Each structure stands twice: as C-alpha cells, then as structure tokens.
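Numbers here simply count residues along the sequence, with the first being 1. The structure presented is a predicted model; accordingly, all values stated were derived computationally and were not measured.
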Amino acid sequence: MISAHGLSVRLGERDVLDGVSFEVRQGEWVGVIGPNGAGKSTLLKALMGLVAHRGEILLGSRPSRELKPRQRARLLAYAPQTPALPPDMTVFDYALLGRTPYIPYLGRESRHDREVTGSVLERLDLTALAGRRVGELSGGERQRVVLARALAQEAPALLLDEPTTALDLGHQQQVLELVDRLRRTDGLTVVTTLHDLTVAGLYADSLLLLTGGRAAAAGEPARVLTEELVGRHFDAHVKIEPGPDGRPVVHLVRGGP
C-alpha cells in the first residue's frame with residue numbers, strides 16, 4: 001500500500017530524515033517510534049507531500065509525485081498532532097471537511113457526505129458535541145475531532161501523528177480499538193507515530209524505530225522493543241517482558257542512567 005525508498009528530508013541546515021526505506025502492506029498497522037527529534041512527524045508529512053523530500057514514495061503502485069492533492073487525499077487521510085482548528089466552526093462542519101476530496105469544485109456536500117460524517121462522529125462518541133464550536137472543546141475532545149475528520153475521508157490508508165497524546169486512558173483505548181476495528185473489518189492500512197512504546201507494541205503489527213533521522217530497526221514488536229535497542233536509542237533503563245498476549249511490555253526501571 002505504501003513504500004518509501006531512500007526517503008530524505010532536509011529542513012533548514014538539518015537532515016531530519018536520511019535515507020529511510022520501509023514498506024507498509026495493505027491492512028497492516030505500522031507504528032513509528034523513536035526519541036524526540038527522530039523525524040517521526042516529518043516522515044508522515046513527507047508521505048502526505050507536505051514537505052519537500054528526496055527519494056521515492058509509492059502509494060499502491062503509483063509514484064506519489066504524480067498524484068494531484070485530491071487524488072492523494074483519496075488514498076491517504078492524515079491527522080496531525082497539532083492541527084490549526086477554526087475556533088468558530090462546529091464539530092460537525094469541521095469533520096465534514098474530510099469529505100472535501102469527494103465534493104466537486106464549487107459544489108456542496110451530498111446527503112451521503114453528511115451521513116458518513118454523522119456515522120464517524122457517533123463511532124468516536126462525538127454526536128453530542130456535533131453543534132459545539134471547536135474552540136469550546138477540551139484538548140482530548142479536539143484530538144477526537146481531528147481523528148473524525150480523517151476517518152470521514154474514507155481513504156484506504158490512515159496516517160496518525162500521536163493520536164492519543166491529549167486523551168485520557170479510556171478515550172485512548174476507545175480510539176485505538178476503533179482504529180484497529182476499522183483496520184480489520186475494512187482493510188484499512190494504518191501508520192501511527194506513538195510515544196508510548198507499550199501501546200505501540202500492543203496494537204501495531206510491526207514497528208519502525210527512527211533515531212537521528214535514520215531507520216535503526218524494523219520488524220515485529222518483539223524484535224524492535226528489546227532492552228538493548230530501547231536502552232541505546234532512548235537513553236533509558238528499562239525492563240521488557242512479554243504481556244498476557246505475548247507482546248512486549250516496557251517498564252521503566254528506577255535508578256537508571
């Protein structure tokens with residue numbers, strides 16, 4: 001579904017990404033992890049065509065450079081970590097923006113567009129807030145509204161930049177379970193950046209570890225979340241052991257470096 005070969009991004013005087021290559025199969029969930037400043041968010045922006053890059057990105061079998069913005073938006077939906085939200089726009093109207101790739105120029109949304117949007121709001125427990133202005137929402141509510149706009153896009157691949165950052169524990173689980181359910185039932189392809197390594201290992205099929213703009217490791221969570229790799233690249237003292245389902249659970253150890 002998505003592949004990158006030799007992906008590099010230079011911002012100012014710094015190479016934020018340097019020769020990163022990876023593949024995401026259709027229906028797969030890939031978690032992008034790494035310390036702060038590793039290039040995780042820039043990777044998603046490059047996939048969306050939001051930053052200039054070198055190297056090749058393929059969406060399906062098509063080079064991304066050949067796609068017009070509306071074509072790309074029908075293939076990839078993107079929820080940034082800190083989006084600009086119009087404070088006076090209602091929750092429903094903001095989520096409805098996700099239908100833009102399907103609305104003709106100078107046209108209006110259809111009944112189907114509004115039905116899709118309403119269904120997404122219901123799935124994210126946002127129906128009661130549909131008429132509220134975005135500027136009146138809490139941080140966690142805004143995070144869910146951003147995800148609603150992305151899901152309303154109905155693209156086959158979903159890129160999420162730290163989708164659970166501002167959410168309490170219950171809503172974190174609701175959002176992650178919803179994304180996982182959509183992936184399984186609709187064949188949705190998912191790429192997420194995540195700070196919580198245990199959560200990344202719990203939900204993702206495979207992980208891509210970035211450090212200093214380069215790919216340091218990739219593969220199944222148990223192969224990437226090792227005490228040696230996490231300790232070296234996150235400068236942390238951790239103990240990693242299998243959870244009830246066999247997936248790795250990362251514990252901080254007090255008194256570490």
Side-chain angles (χ1 to χ4, degrees), residues 2 22 24-25 27-44 47 77-83 123-125 138-148 150-151 157-185 188-211 215-254 256:
I2 302 171
F22 65 96
V24 186
R25 297 184 300 272
E28 184 180 20
W29 185 331
V30 172
V32 183
I33 61 173
N36 291 340
K40 301 185 297 296
S41 296
T42 301
L43 176 66
L44 298 191
L47 295 178
Y78 171 56
Q81 185 176 351
T82 54
R123 284 174 158 184
L124 287 173
D125 193 25
S138 68
E141 290 167 342
R142 286 196 296 269
Q143 193 83 354
R144 283 186 287 147
V145 170
V146 172
L147 179 58
L151 291 176
L158 182 62
L159 310 181
L160 305 176
D161 193 1
E162 296 292 346
T164 61
T165 296
L167 303 180
D168 59 42
L169 192 62
H171 281 116
Q172 283 186 40
Q173 188 173 42
Q174 289 176 23
V175 166
L176 291 168
E177 290 291 338
L178 171 62
V179 171
D180 194 45
R181 191 160 60 248
L182 290 170
R183 180 179 70 89
R184 294 177 184 277
T185 59
L188 191 67
T189 302
V190 180
V191 181
T192 53
T193 65
L194 290 163
H195 266 108
D196 190 316
L197 299 182
T198 296
V199 168
L202 180 63
Y203 284 94
D205 297 309
S206 63
L207 299 177
L208 172 64
L209 171 59
L210 294 181
T211 180
E220 295 179 358
R223 292 180 55 193
V224 177
L225 294 179
T226 67
E227 292 177 6
E228 192 275 330
L229 283 173
V230 172
R232 186 201 321 166
H233 295 293
F234 288 86
D235 193 23
H237 189 198
V238 299
K239 181 176 178 57
I240 299 177
E241 54 190 9
D245 59 355
R247 287 177 174 250
V249 176
V250 182
H251 304 281
L252 286 175
V253 177
R254 292 187 62 179

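In this view, Asp245 satisfies the side-chain hydrogen bond (donor to acceptor under 3.5 Å, both in side chains) rule with no residue, not counting sequence neighbours. Partners of Glu228 by salt bridge (charged side-chain N to carboxylate O under 4.0 Å, His left out), not counting sequence neighbours, listed by chain and number: Arg232. By the side chain to side chain contact (heavy atoms under 4.5 Å, CB included) test, Gln81 is found to be paired with Ser41, Asp161, Glu162, Thr165, residues two or more places apart in sequence or in another chain being considered. By the side chain to side chain contact (heavy atoms under 4.5 Å, CB included) test, Pro83 pairs with Pro80, Leu85, Tyr94, Val146, sequence neighbours left out. For Arg25, the salt bridge (charged side-chain N to carboxylate O under 4.0 Å, His left out) partners are Glu28, not counting sequence neighbours. Applying the side-chain hydrogen bond (donor to acceptor under 3.5 Å, both in side chains) test to Thr226 and every residue at least two apart in sequence or in another chain returns nothing. Residues satisfying the side chain to side chain contact (heavy atoms under 4.5 Å, CB included) test with Ala148, not counting sequence neighbours, are Ala95, Val120, Leu121, Leu124, Leu126. Judged as a side chain to side chain contact (heavy atoms under 4.5 Å, CB included), and not counting sequence neighbours, the contacts of Ala157 are Met1, Ile2, Leu76, Thr189. For His171, the side-chain hydrogen bond (donor to acceptor under 3.5 Å, both in side chains) test picks out Asp168, with sequence neighbours left out. When the side-chain hydrogen bond (donor to acceptor under 3.5 Å, both in side chains) test is applied to Glu141, the partners found at least two apart in sequence or on another chain are Ser138. Residues satisfying the ring-ring contact (aromatic ring centres under 6.0 Å, His included) test with Tyr203, not counting sequence neighbours, are Trp29. The salt bridge (charged side-chain N to carboxylate O under 4.0 Å, His left out) search around Arg184 returns Asp180, not counting sequence neighbours.
Lys239 places no side-chain N or O within 3.5 Å of a backbone atom of Val253 that could act as its donor or acceptor partner. With hydrogens and angles disregarded, no donor-acceptor distance shorter than 3.5 Å links the side chain of Arg247 to the backbone of Pro221.
Under the 4.5 Å side-chain criterion, counting only non-hydrogen atoms from C-beta, Arg183 is in contact with Asp205. Annotation: side chain of Leu197 is not in contact with side chain of Ile240 (no heavy-atom distance under 4.5 Å). Looking only at side-chain heavy atoms (C-beta outward), Leu158 and Leu182 stay at 4.5 Å or farther from each other. You'll find the side chain of Val179 stays beyond 4.5 Å of the side chain of Thr192, heavy atoms only.
Listed here is the closest heavy atom pair of Leu208 and Ala218: CD1-CB, 4.1 Å. Between Ala200 and Leu207 the shortest heavy-atom distance is O-CD2, 3.8 Å. Considering every non-hydrogen atom in both Ala204 and Gly31, the closest pair reads CB-N, 3.6 Å. Taking all atoms of both residues into account, the shortest heavy-atom contact from His233 to Leu209 is CD2-CD2, 3.7 Å. Taking each heavy atom of Pro35 and Phe234 in turn, the nearest pair found is N-CE2, 3.6 Å.
Glu227 CD to Leu229 CG: the interatomic distance, rounded to the nearest 0.5 Å, is 11.0 Å. Note that OG1 of Thr211 and NZ of Lys40 are 9.5 Å apart. Values are rounded to the nearest 0.5 Å. Interatomic distance, NE2 of His195 versus OG1 of Thr164, reported as 10.5 Å (0.5 Å rounding). Atom CG of residue Leu176 and atom CZ of residue Arg181 lie 11.5 Å apart, to the nearest 0.5 angstrom.
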(message) Go through it in stages, so that I can follow the logic: the residues are Ile33 and Val224, the test is side-chain contact (heavy atoms from CB on, under 4.5 Å), and I'd like the CA-CA distance, side-chain angles, deciding distance and then a yes or no.
(response) CA-CA 10 Å; Ile33 61 173; Val224 177; 4.1 Å; yes

(message) Show, in sequence, the C-alpha distance, side-chain angles and deciding distance for Phe22 and Leu43, and conclude whether the side-chain contact (heavy atoms from CB on, under 4.5 Å) test is met.
(response) CA-CA 11 Å; Phe22 65 96; Leu43 176 66; 3.5 Å; yes

(message) Evaluate Leu178 against Leu151 for side-chain contact (heavy atoms from CB on, under 4.5 Å), listing each step before the verdict.
(response) CA-CA 10 Å; Leu178 171 62; Leu151 291 176; 3.9 Å; yes

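When the shell of 6.0 Å around CD of Gln173 is examined, it contains 12 or fewer heavy atoms from other residues, nucleotides or ligands.
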